[in-house]
Amino acid sequence: MSLPACTAEPVPVLEARGVVKTFPGVRALDGVDLRLRAGRLNALMGENGAGKSTLMKVMAGVHPPDAGEVLLDGAPVNFRNTREAQAAGVAIIHQELNLADNLSVAENLFLGREPTGPLGFINRSRMRDEARRLMRRMGVDIDPDTRVGRLSVATQQVVEIAKALALDARVLILDEPTSALTARETDALFERIAQLKSEGVALAYITHRFEELERIADDVTVFRDGRLVGERPYPELSRDELVRMMIGREAPSQAPVAPKPRADAMLVVRGLTLASSAPAPRPLLDGVSLEVGRGEVVALFGLMGAGRTELLEALFGLHAKRTTGEVIVDGRRLTPRSPRQMLRSGVGLAPEDRKAAGLVLGLSVEENLTMATLRRLQRGGLLSRRAQHDCANRYVERMRIKTPSLAARVRNLSGGNQQKVVLGKVLATDPKVLLLDEPTRGIDVGAKQEVYALVRELAAEGRAVLVVSSEAPEVLMLGDRILVMSEGRLTAEFGRGEASEHHLIEAALPSDHPREAA
Amino acid sequence: GSSPGEPERSAAGAASGDKTGKIAVVVSTLNNPWFVVLADTAKARAEQLGHQATIFDSQNDPATEASHFDNLLASGYDAVLFNATDSDGSVASVRKAREAGVPVFCIDREINADDAAAAQILSDNYAGCVELGQYFVETVGERGKYAELLGLLGDNNTTNRSDGFHSVVDRYEGLEMVAQQSAAFDRTKAMEVTESVLQANGDIVAIFCGNDAMAMGAYQAIASAGKQDQIKVFGFDGAADAIQAIRDGKLAATAMQFPKKMARQAAEYADEWIGGRRDFPQKTPVEVELVTQENVEDYVAYGAKE
Amino acid sequence: MTALRGLGVHAAQLQSLTALAVLVVVLSVSTESFMSVENGVNVLRQISVNLCLSIGMTLVILTGGIDLSVGSVLALAGAVAAGLVKEAIPLPALGYALEFTAAGAIVAGVAVGLACGAFNGAMVTLFGLPPFVATLGMLSIARGLTLLWTGARPITGLGEVFETIGSGVWLGLPVMAWVVGGLAVLFAVVTRRTRFGRHLYAVGGSERAAALSGVRVGFVKLWAYTLSGALAGVAGVLLAARLDSGTPQAGIAFELDSIAAVVIGGASLAGGRGTIFGAVIGCLIIGVLNNGLVLLGVSSVWQQVIKGVVILAAVAIDRAANRERC
Amino acid sequence: MTALRGLGVHAAQLQSLTALAVLVVVLSVSTESFMSVENGVNVLRQISVNLCLSIGMTLVILTGGIDLSVGSVLALAGAVAAGLVKEAIPLPALGYALEFTAAGAIVAGVAVGLACGAFNGAMVTLFGLPPFVATLGMLSIARGLTLLWTGARPITGLGEVFETIGSGVWLGLPVMAWVVGGLAVLFAVVTRRTRFGRHLYAVGGSERAAALSGVRVGFVKLWAYTLSGALAGVAGVLLAARLDSGTPQAGIAFELDSIAAVVIGGASLAGGRGTIFGAVIGCLIIGVLNNGLVLLGVSSVWQQVIKGVVILAAVAIDRAANRERC
Ligand SMILES: Nc1ncnc2c1ncn2[C@@H]1O[C@H](COP(=O)(O)OP(=O)(O)OP(=O)(O)O)[C@@H](O)[C@H]1O
Ligand SMILES: Nc1ncnc2c1ncn2[C@@H]1O[C@H](COP(=O)(O)OP(=O)(O)OP(=O)(O)O)[C@@H](O)[C@H]1O
Ligand SMILES: [Mg+2]
Ligand SMILES: [Mg+2]
């Protein structure tokens, strides 16, 4: 039974006081306070680059603070690394995946704390059983010996979460844990969170998804530009108020969109089939046929593992050898052979896994933004610096990318800003057909609205947009039409306003799954 | 100036015309004791004669050697005692020195040009191996299978020695070479190659090796195969351990070169050049002597007993 | 098969295994002397040194590093051991000379190797040098020290103990093979079944992930290099024992053969992938090739060409057979 | 400074630049002969070959690869050029002999290098061989072919054209230096200001992201290796010209110096980082060091030790000064 925050304060389990952290060119944190109380979940909100992740990293011993202090049970501590933090009972789930692709699920879950037998050998069988248990509790049932590299992003995220939960920490920090998850795993996670609260664990939870707040939040803390804007018990906050605190202006209103008449097809897919790389009962994609009209936004919903990413990848020519079927872009029939070919024929993909597939982290913002369009930026055979700057600047502004400079390494941008760079890169190619895989994953409310507006704008310009999302509200709000995928097949189609979240989930559940009566 | 090698002069190490200068000793490699002795002796003798001397190691790389010449010509040396990495590849460097008015005295390895070096004091590898070849026939007999270990491929001592040896041995049809492999003058390689050769041809009666290091390696392999009584091993150089091995009856024979002798001679020539002498014989061959069980006691490492 | 699994055998190794098998078959039919027990023993003796190096190299490569210094370190260790067993070190200060038993000399040799390895590790972990540079520096330094210590002269006649190690045979197999075989098994177990072993893979797979999971990355790397150095030391002693002499030219360019063996065995220079078993196969492929070409009486010149081609072919088949790993 | 920027100079290079500066200052005070124009010219001539290799090496390393074959390819190209200029190739079929002009021979030599490089590239891109193995195979093959072509005997007396290239001087600088300098500028521009150049960085940084951005990864890699081979060919011709002979022993272990130069210049063997300018600095550091130690009359044994230590120190300072890059 947890007290409301306002009355007689219990000593916070973990507390940050006046923390300052600067990076080359950026003051990420500027004297920030934060309190995490036993049995309560403090939801951290704020725009991309506000400093949320950085603060969490400081509190979990990843970065040392430049100034200010971190207190555990009221006593100052300075963790020199994550191991010391873990030892003190502070665990963190990072925003980015931090798994060793070459190791198995079990090995990742127990990395750094492998159970050993009397002879100092690793107790493999125990590790496996434990691992299977942990994954089951997260609602995922996979062989613990699977190499993590072979798992989809979604599954990897679950592993990441299970790993932190396995630490039985007193303080648990979750940095956008659900960004890669879909309904089912999210529910499982929230059950665990409720349970942890009752066990008196103190939680910090970073998210950009408002609908999650009422399900888990006790307190809400808002950051802007590395400063604390305010902390309130959740119930006292209205959504609009919250948004205002975050972006410092009125919440951008969502103008209701009228259903469009069915336009002529810009992208036509007929019987697209993608054979599985490993021997499997079913192909990853099984005769998928769909159309996206000129100026139309089609949203593609599905649970993890449905094969949506594979669909987009196949359309983009990534699995040429395993793909069969017919694709027609703007009246021109073609078989997707390579990304290069698809880009040239006016198709652009913003991939789901931004770090591995979307960006070259070691290169600058400018170099990434211009990567796919260099041909247009040449003057007399050489790349023109001017043209590159202009191009990059244009998209930094249009996407409101928060970066110290065009020359900054993308690696150092905040998660959301990285995502914006990916979108910027694709837009720079001026595609006729846009394939967006989870385009709003991990980006803040302001940026989300921008992306939504952008998607509509692009459609209005006569492009066809096929957007994959795991957030039902988003799908409902964005799509002129909504397709639902399950097990590599399209299982339902709805027009704007025809579907409810329930319908979507219903259609998305795998056939073997017992469907609850509507 | 006085004639070379004149005993009392060289004993009393005063520089001729008491002019002193900077002498460079450029040696093809220093990770083989034979060349270390060559270089050290040359340096020592030059210093004994009152000159400054520095050793440059070409590390068996003609390019490095060329760089050494550039450097020493730039930093005003008066003479070069030169052990070439390559008879042909080194000519260009020697010419460059000549044009810069710096005399080059070649030691041991001949360079293929008569107009470049001030003088060449040469160990006659070919003749040495002719002698070895004759002794080979005497001891091994006129029939039987044998193997040959070549030195570094592309090194012209490798070819000279092999050619000299075969110029004799090939005249006897009875002597059949069943294996010819390169072991690059290297002990380890020699041992491994020999081990394999013994597998393919267990019945060989002799191995001729392009240098003593390889001979020692080969012997090692033969010994661990227990064939030391069946197979005679021949080397070349007169290295310390080879002389000892002959004494112990492990090697049949080697060809003694005289690195010390050659080095001293070269140093004295350089000294005389600085003293003003110019009339040097283009080539001064230093004969190679056969070292066998019989005469081994007359020799020490790299030379005859004084 | 399950036995193999224990040593961490994956499709990868089984691939190289086929390559090896093909090689062996071809050679057995083309030359009778190849398939003899005696020759088998030879090949074993010939690969022991390279295998000893390759074990250490595997540890380093697993972390995503590389060790170019093994050849020079081998030479230094061998020379030190040989030197110490031959003559005592005079200690004027204490007024007596320090005598070394064969055992003592061997330990000293290995210790020197270990020290060099630790130095490499320190350079990489503490000073953040790229492994290539750190170990390249050591390659040069150790070679120089060897020449200083030996005066560029081989040190020969090392006595019985070395002789037994070098040419001795026990239960039909060379003593060296037993030693190195033991080390191979030991480290196969270490890499598969101990935390240190798995951390090698983790660090190689994702240093960041490993660090954030509380793996002491620096510690793991430091030990990888140290062990590589120590194993190079062992290899040095073994080689010296074989040649009955510590020669300053020993081990030149050995690093290439050793890295080749590890990579042929399926390891990735990017780190995180590879096994000791693979390294063993790799060494066998190279060793059998060298041995076979001589048995076939191929001229040394052609040997170089053929060797290159075969290595390319072996690995190409391997990779073709499991694309996923590229 | 902006001029430097044009060549793509970052903190990284400026670091190595300081290392170089320190080295130069130390040497100028400790030996008078170092700071002479003549010696400067020498150093330039001495580094030309290594720089020529290092330019190509940079391209390959940028893609995250490595080219161990440059030394052997250099030897092969040099030997071919030398061989062709010396004697005509008889074509009995056509009943006449194919004569080569010096120019023709040079082109042929470079072409041979290019072919070897293309082969490496094909092995890496088409057969998915690890670059280390692919180029290690070529190292062995090219050396073998060189010995076959030359009959293991050097080919000397290459005539004026080669002589001019080798020892000629133009406007106070060696012709070789002009040639290589030109190549360096050319490729500095290529890497900085062309799509191909940018794609090299992209591929090295993340092949997947590059491919998704429409970069033809295979194509880019193939060309990186091909160019590296061609540049090794050029280096071979230059060396042959300098020695006035194509020697089968040329270029042994040159790959190490070249890779060292590139890495000292701030490149990462993981790919995606490095510049031509950095390679130039790297070559200068190594060249000046070799030259200086000789001028100081340091015994060649100690030279190896000192060289190793200095290289470690140089890179250590560099890295310490910008941690982020490790
Ligand atoms: N390692 C780093 N080096 C340099 N700058 C950094 C680094 N990490 C973060 N930053 C900068 O610090 C600021 C805060 O980043 P942070 O990741 O904390 O934002 P965030 O609130 O987590 O944003 P998001 O919601 O998008 O994850 C950003 O401007 C980012 O560019
Ligand atoms: N790299 C991979 N190797 C092997 N299988 C994969 C890989 N990536 C995804 N899969 C499998 O392909 C199927 C679809 O992948 P994925 O989960 O990305 O679909 P999705 O609908 O895009 O889900 P989400 O986008 O929510 O992650 C799943 O069974 C997943 O396990
Ligand atoms: Mg964040
Ligand atoms: Mg997906």
Side-chain angles (χ1 to χ4, degrees), chain B residues 22 24-31 35-36 39-40 43 52-77 84-96 99-100 111-113 150-156 158-159 162 182 184, chain D residues 31-34 36-43 45-47 49-50 74-75 79 82 143-144 146-147 150-158 162-163 166-167 174 239-254 287 290-301 303-304:
Chain B
K22 280 167 72 186
V25 180
V26 180
V27 61
S28 59
T29 174
L30 283 183
N31 54 41
F35 293 98
V36 174
D40 291 347
K43 183 171 192 281
Q52 264 185 56
T54 322
I55 298 177
F56 299 83
D57 175 7
S58 309
Q59 293 166 355
N60 275 328
D61 173 18
T64 311
E65 186 179 73
S67 306
H68 286 331
F69 269 84
D70 293 337
N71 294 339
L72 63 89
L73 292 181
S75 37
Y77 279 83
T85 54
D86 184 302
S87 307
D88 297 292
S90 305
V91 176
S93 299
V94 179
R95 285 236 165 77
K96 205 178 277 163
E99 282 152 22
I111 61 161
N112 297 342
L150 297 169
L152 203 59
L153 294 170
D155 180 307
N156 49 340
T158 301
T159 29
S162 183
S182 164
Chain D
T31 152
E32 69 291 341
S33 46
F34 178 78
S36 67
V37 175
E38 208 177 357
N39 191 51
V41 173
N42 279 340
V43 173
R45 196 182 286 113
Q46 286 160 20
I47 69 165
V49 169
N50 187 23
L74 168 147
R143 182 65 60 187
T146 312
L147 290 165
T150 57
R153 283 183 174 68
I155 303 166
T156 26
L158 311 181
F162 280 81
E163 199 170 330
S167 7
L239 185 57
R242 188 161 174 230
L243 302 172
D244 187 30
S245 82
T247 62
Q249 290 304 313
I252 288 174
F254 278 20
N290 288 332
N291 172 267
L293 290 175
V294 172
L295 293 185
L296 287 170
V298 177
S299 93
S300 66
V301 174
Q303 279 185 31
Q304 301 202 35

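Proteins get letters first, then strands, A, B, ... in listed order; numbering begins at 1 in each.
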Fill in: Which atom of D88(B) lies closest to which atom of P154(D), heavy atoms considered
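Minimum heavy-atom separation between D88(B) and P154(D): OD2-CG, 3.3 Å.
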
Worksheet item: Between S245(D) and G89(B), which heavy-atom pair has the shortest distance, and what is it?
Response: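 Result for this residue pair: OG-CA, 3.2 Å.
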
To the closest 0.5 Å, what do you measure between [atom1] ([X]) and [atom2] ([Y])?
{"X": "S167(D)", "Y": "R95(B)", "atom1": "OG", "atom2": "CZ", "answer": "11.5 Å"}
{"X": "I47(D)", "Y": "S67(B)", "atom1": "CD1", "atom2": "OG", "answer": "11.0 Å"}
{"X": "L295(D)", "Y": "L72(B)", "atom1": "CG", "atom2": "CG", "answer": "10.0 Å"}
{"X": "T85(B)", "Y": "L243(D)", "atom1": "OG1", "atom2": "CG", "answer": "8.0 Å"}
{"X": "H68(B)", "Y": "N290(D)", "atom1": "NE2", "atom2": "CG", "answer": "8.5 Å"}
{"X": "D86(B)", "Y": "R153(D)", "atom1": "CG", "atom2": "CZ", "answer": "11.5 Å"}

Measuring heavy-atom distances to chain D, does [X] have an atom under 4.5 Å in its side chain, in its backbone, in both, or in neither?
{"X": "L153(B)", "answer": "both"}
{"X": "S93(B)", "answer": "neither"}
{"X": "D61(B)", "answer": "side chain"}
{"X": "E65(B)", "answer": "neither"}

Discussion item. Looking only at heavy atoms and a cut-off of under 4.5 Å, which of N112(B), T54(B), N71(B) has the most pairs with chain D?
Written reply: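 Between N112(B), T54(B), N71(B), the count favours N71(B).
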
Discussion item. Please identify, among D244(D), N291(D), V49(D), the residue contributing the most non-hydrogen atom pairs under 4.5 Å to chain B.
Written reply: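 Among the listed options, the one with the most contacts to chain B is N291(D).
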
Fill in: Top contributor to chain B contacts, counting heavy-atom pairs under 4.5 Å, from Q46(D), E38(D), Q249(D), E163(D)
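Highest number of heavy-atom pairs under 4.5 Å: Q46(D).
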
Discussion item. Is I252(D) close to chain B through its backbone or its side chain, or both, or neither, when contacts mean heavy atoms under 4.5 Å?
Written reply: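 For I252(D), there is no contact with chain B at all, as no heavy atom is under 4.5 Å.
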
Worksheet entry | Proximal component of F34(D), with respect to chain B [non-hydrogen, under 4.5 Å] |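 Neither the backbone nor the side chain of F34(D) comes within 4.5 Å of chain B.
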
Worksheet entry | Polar side chain donor-acceptor pair, Q303(D) to D57(B), under 3.5 angstrom |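 Judged by distance alone, the side chains do not pair up.
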
Discussion item. Using the salt bridge (Lys or Arg N to Asp or Glu O under 4.0 Å) criterion, which residues pair with K96(B)? Sequence neighbours excluded.
Written reply: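 Salt bridge (Lys or Arg N to Asp or Glu O under 4.0 Å) list for K96(B), sorted by chain: D70(B).
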
